[in-house]
Asker: 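Encoded as structure tokens, here's the structure I'll be asking about.
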Amino acid sequence: MSDPEHISAAGGGRPAHSRTPMTGRDPGERGGTTTPPELLFALTFVVAVGTAASHFGEILAGDHAGEAVTAFVPALFAITVAWIALS
């Protein structure tokens with residue numbers, strides 16, 4: 001990350017970004033509920049996995065096991081990468 005394009009405009013050799021570790025919510029925090037956008041995002045993930053699994057089952061029932069796995073694995077990988085990237 002010490003490429004010139006990743007160095008801040010202010011110079012000093014410091015990266016243009018700062019890394020902070022992810023932490024969970026404080027269990028004692030008041031009003032620490034899930035927000036509606038977080039719920040929508042989780043629901044979208046559940047629907048995407050459910051749809052992929054449904055199609056997997058349909059293709060598998062049609063006695064095309066190779067095609068089912070070939071379609072399901074990349075779909076699940078793409079859904080998971082999208083989940084990780086946006087969460």
Side-chain angles (χ1 to χ4, degrees):
M1 286 282 140
S2 61
D3 297 337
E5 62 190 43
H6 292 104
I7 302 298
S8 65
R14 293 183 32 225
H17 58 82
S18 64
R19 292 186 181 184
T20 57
M22 290 183 66
T23 59
R25 290 185 175 169
D26 180 16
E29 175 185 1
R30 267 189 101 188
T33 60
T34 305
T35 64
E38 289 172 330
L39 290 173
L40 178 63
F41 188 69
L43 178 62
T44 303
F45 179 76
V46 168
V47 170
V49 171
T51 302
S54 175
H55 287 286
F56 175 74
E58 289 176 14
I59 297 170
L60 197 59
D63 202 26
H64 301 286
E67 292 178 19
V69 171
T70 303
F72 182 70
V73 170
L76 196 59
F77 176 75
I79 292 167
T80 304
V81 168
W83 174 267
I84 291 170
L86 294 176
S87 60

Asker: Applying the 4.5 Å side-chain criterion to the ILVMFWY set and letting contacts propagate, would F77 and F72 be lumped into a single cluster?
Answerer: no
Asker: Describe, in one word, how the ring planes of W83 and F41 are oriented to each other, choosing from parallel (under 30°), tilted (30 to 60°) and perpendicular (over 60°).
Answerer: parallel
Asker: For a quick test of reading the model, state the closest non-hydrogen atom pair linking I79 to A52 and the distance between them.
Answerer: CD1-CB, 4.3 Å
Asker: May I have all residue pairs that pass salt bridge (Lys or Arg N to Asp or Glu O under 4.0 Å) and include part of residues 38-50, sequence neighbours excluded?
Answerer: R25-E38
Asker: For T51, which residues count as a side chain to side chain contact (heavy atoms under 4.5 Å, CB included) partner, sequence neighbours excluded?
Answerer: V47, H55
Asker: Using the test salt bridge (Lys or Arg N to Asp or Glu O under 4.0 Å), find all partners of E67 that sit at least two apart in sequence or belong to another chain.
Answerer: none
Asker: According to side chain to side chain contact (heavy atoms under 4.5 Å, CB included), who are the partners of L60, at least two apart in sequence or on a separate chain?
Answerer: F56, A65, A68
Asker: Which residues end up grouped with L39 if you chain together Ile, Leu, Val, Met, Phe, Trp and Tyr wherever their side-chain heavy atoms are less than 4.5 Å apart?
Answerer: none
Asker: Do L76 and L43 sit in the same hydrophobic cluster, where Ile, Leu, Val, Met, Phe, Trp and Tyr count as joined when their side-chain heavy atoms come under 4.5 Å apart?
Answerer: no
Asker: Checking T44 now: which residues fulfil side chain to side chain contact (heavy atoms under 4.5 Å, CB included) with it, not counting sequence neighbours?
Answerer: L40
